[in-house]
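Presented below is the structure to which this report refers.
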Amino acid sequence: MVDSQDIILKAQNISKQYRLGLVGTGTISHDLNRWWNRIRGKEDPYLKVGESNDRSTKGSSEYVWALKDINFEVKRGEVLGIIGKNGAGKSTLLKILSKVTGPTTGEIKTRGRIASLLEVGTGFHGEMTGRENIFLNGAILGMTKKEITAKIDEIIDFSGCQRYIDTPVKRYSSGMTVRLAFAVAAFLEPEILVIDEVLAVGDAEFQKKAIGKMQDISRGEGRTVLFVSHNMAAVKSLCTRGIVLEHGKIKFSGNIDDCLSVYSGNNSDSRMSNYKGKGIIKKAWIPKKNISFLDTLEIKVAFETNIEVKKLILGIVIKDDSGRELLSVNNKHYNQPNLNSELVKKGEVLIAINRLRLIPGKYSIDLFFGDTLVDLEILLDAITFQVSDNNNSFFLSKINLKNNPVFHENIEWGLQE
Amino acid sequence: MDTKVDPQDWLYTISPKRKLIDLNFKEIWRYRDLLFLFVKRDIITVYKQTILGPLWFFIQPLFTSVIFTLIFNNLAAIPTGNGVPPFLFNLAGITSWNYFSTCLTGTSNTFKANQGIFGKVYFPRVITPLSVVFSNLLKFGIQLLVFVLFYIYYVFFTDQVVLARPQLAMVLLPCLVLFMGLFGLGFGMLLSSLTTKYRDLTFLVSFGVQLLMYGSAVMYPLSYFKARVPEYAWLVEYNPMTTIIELFRYMTLGVGQFSWANFIYAGVISVVIFLIGLIIFNKTEKTFIDTV
């Protein structure tokens, strides 16, 4: 049972209707019809006719529901990821949340100030200097002059544009403008922060800095964040809970890992260590419960085919929790290239990885099952597993886990003169 | 953040329904720095990379007055009143007209011009037209100063008999400026709201303002118009801007006459137009991004 006090934002029956086609033809007649119904105390006639918003199929109505009956709650300090395909209604939802446009029906109640970051650098004026723009942009985003003055040095420092700060922004490179803009946004301090895909800006170094800052905001400072992105790795590393939108409706809401698997079209319960396939791979699992660094990792794959196959090839791809591939091998790469020289229809393959060099964290395995000619079945994220930290002698000192997915325990260090 | 809040007690609600006038003054007050920064931006960026810079604030009304004096007074021989230099008469009219018309044109494209910002971030929308009115107020102040300088020049440094004298009613000048501001702002907000859906109005504004100037007694006294074209005089007479400009000239130059009825008429019309503009603006700001 959730304490109702803890809920900082509550959306009830949020719907948003849009009119398709050209605005202009028939606008006045529809407006008059609406007005005529309203003064007689009737409902808006065009509210009834909307269809669900499926981009690819042609509908008969001019009106469409970009969002329909959206309900969700956000707890204080939670980072909620909103994911969905193009046109699922993510941006519309963000626009309503950030008060840029109103909902057609329903309401959102909040217990805190909402600041939105649908774009960085909103209101930047090319003729003004970087410093002047920090003040203007900050004020547009809802900061007071006092707040900005208190933070201006930090903002300039974070942007890395010290040298150009008193030069008009029109002389900046586009990257510098974006850095400056993001720096202002990063120092916003509302209770609720709404972010659209603004992280996809700047060079790699700055993106890393930006994601780091976002993590600080959500974890360290306990801010409530609503985050929309197509960058699954970023969503996964930032968010705790998620909502999957499809055709303007909530398709799924819950744990972020489940959301991501729902979104990627894989409805398997990825937290389980064994997977029951529908096709050729009947089952794939890791028998051992507790895996730690330098253990032997055993993976078992049970299969059954309709036809008999010779020279099976089983490939595995191990990925970390942001989807980065760490290992991509199959049995051909190793000393026993032939799993079988006889024809088989069913069996069980055991893959044993000795002295596992994966540092503590979550991983998933893709399976590629086939023969020398084709892949007969590919299962993405067939197994997920966790490497735990119980043998932590190697990780006593401060190693950056993000930068070292694969760790070598015996690298020798010595000074030679 | 550990303050005990009642579960029913929400800080903000986002909903489709709105009161007729839903002005959150507390919120606008919280955004006062933004208002100030917008005004600053308007002032400092307009004449960036120009040689004459802020001098343009003076040049425009001066040249217009010179032309008006040539055409309407020297050529068409419109009388400006006993002992009132036509140039000063025109400068007074243009200065006050300029404030109104810049407020009107400046605010009338609020939604269209700020689509980019409005579509991305929320702040009380009314801040934007307000900032236009305030930055124009500053320009009006500068132009008023020019007017005063020429006044002094005419009184002390020319041989002309200048009978024009500021009147006691001048203490009401701030009210008059307020009326002009409210009128321009209200009218502008009304137009900007309607243009989001019906673009036709943008065309109307640009030449409509020019036409309106001729109907607002800027370059002629109302009494002269009444004497010469009595059948259409009501058109000019009931135009609130005529009343305001006539009052402005009476206060500063002593031409025409002052009546409380006129003063109250201008005030009431301005406030009413302002309120109508505000209501429509409020209705529009929530959904304009879908129709613009």
Side-chain angles (χ1 to χ4, degrees), chain A residues 3-5 7-11 14-19 23-24 27-28 31 76-77 95-119 122-123 125-128 132 135-136 138-148 168 191 196 222, chain B residues 1-18 27 29-42 44-50 114-125 127-128 131 196-200 283-292:
Chain A
D3 182 8
S4 67
Q5 303 252 329
I7 288 166
I8 194 165
L9 186 145
K10 190 173 183 177
I14 292 296
S15 299
K16 178 80 185 173
Q17 190 187 48
Y18 280 117
R19 201 176 155 206
V23 174
T27 317
I28 286 196
D31 280 354
R76 203 178 286 281
K95 275 184 181 170
I96 293 172
L97 281 167
S98 48
K99 294 202 269 185
V100 163
T101 182
T104 312
T105 67
E107 59 180 12
I108 295 172
K109 293 170 174 171
T110 72
R111 285 210 177 89
R113 263 166 69 191
I114 299 182
S116 58
L117 221 55
L118 303 194
E119 179 189 76
T122 314
H125 197 293
E127 296 287 353
M128 302 207 301
E132 286 167 339
F135 277 97
L136 183 65
I140 289 175
L141 292 173
M143 286 195 260
T144 63
K145 213 175 164 189
K146 223 173 98 190
E147 283 169 359
I148 304 166
E191 282 92 11
D196 204 352
Chain B
M1 281 288 109
D2 281 331
T3 44
K4 282 277 166 195
V5 271
D6 187 64
Q8 306 302 318
D9 175 31
W10 298 94
L11 196 61
Y12 296 110
T13 304
I14 303 169
S15 67
K17 289 198 188 70
R18 269 218 153 170
E27 194 180 45
W29 179 245
R30 207 160 54 69
Y31 277 92
R32 63 192 183 280
D33 290 330
L34 181 62
L35 177 64
F36 170 76
L37 285 164
F38 271 153
V39 172
K40 194 176 150 193
R41 177 195 67 183
D42 288 350
I44 64 173
T45 57
V46 178
Y47 296 117
K48 274 261 167 96
Q49 263 193 21
T50 57
N114 295 288
Q115 229 185 98
I117 300 183
F118 285 3
K120 293 296 178 191
V121 66
Y122 173 81
F123 52 87
R125 303 306 189 213
I127 293 277
T128 326
S131 75
T196 60
K197 241 183 179 172
Y198 309 107
R199 290 287 168 82
D200 314 57
K283 259 183 76 79
T284 311
E285 70 170 27
K286 269 218 144 169
T287 53
F288 93 97
I289 208 75
D290 308 330
T291 52
V292 73

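Predicted model, so just to flag it, every value in this text is computed and none were measured. Quick note on labels: first sequence line is chain A, next is B, and so on, each numbered from 1.
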- Message: For A:Leu136 versus B:Leu34, what's the shortest heavy-atom pair and its separation?
- Response: O-CD1, 4.2 Å
- Message: Please classify the contact of B:Arg125 with chain A as side chain, backbone, both or neither, using a heavy-atom distance under 4.5 Å.
- Response: side chain
- Would you mind telling me which of A:Met128, A:Lys10, A:Lys16, A:Arg113 has the largest number of heavy-atom pairs within less than 4.5 Å of chain B? A:Arg113
- Okay, A:Lys145 and chain B: the region with an atom under 4.5 Å from a heavy atom over there is both
- Which bit of A:Ile148 comes within less than 4.5 Å of chain B, counting heavy atoms only: side chain, backbone, both or neither? neither
- For the pair B:Thr45 (side chain) and A:Glu127 (backbone), establish whether a donor and an acceptor sit closer than 3.5 Å, ignoring hydrogens and angles. no
- So among A:Leu9, A:Ile8, A:Ile7, which one has a side-chain contact (heavy atoms from CB on, under 4.5 Å) with A:Thr110? A:Leu9
- May I ask you to name which of B:Leu35, B:Ile127, B:Asn114, B:Ile44 has the most heavy-atom pairs under 4.5 Å with chain A? B:Ile44
- Query: Can you say whether the rings of B:Tyr31 and B:Phe123 are parallel (under 30°), tilted (30 to 60°) or perpendicular (over 60°)?
  - Reply: tilted
- CE on A:Met143 to CG on B:Asp33, rounded to 0.5 Å: 11.5 Å
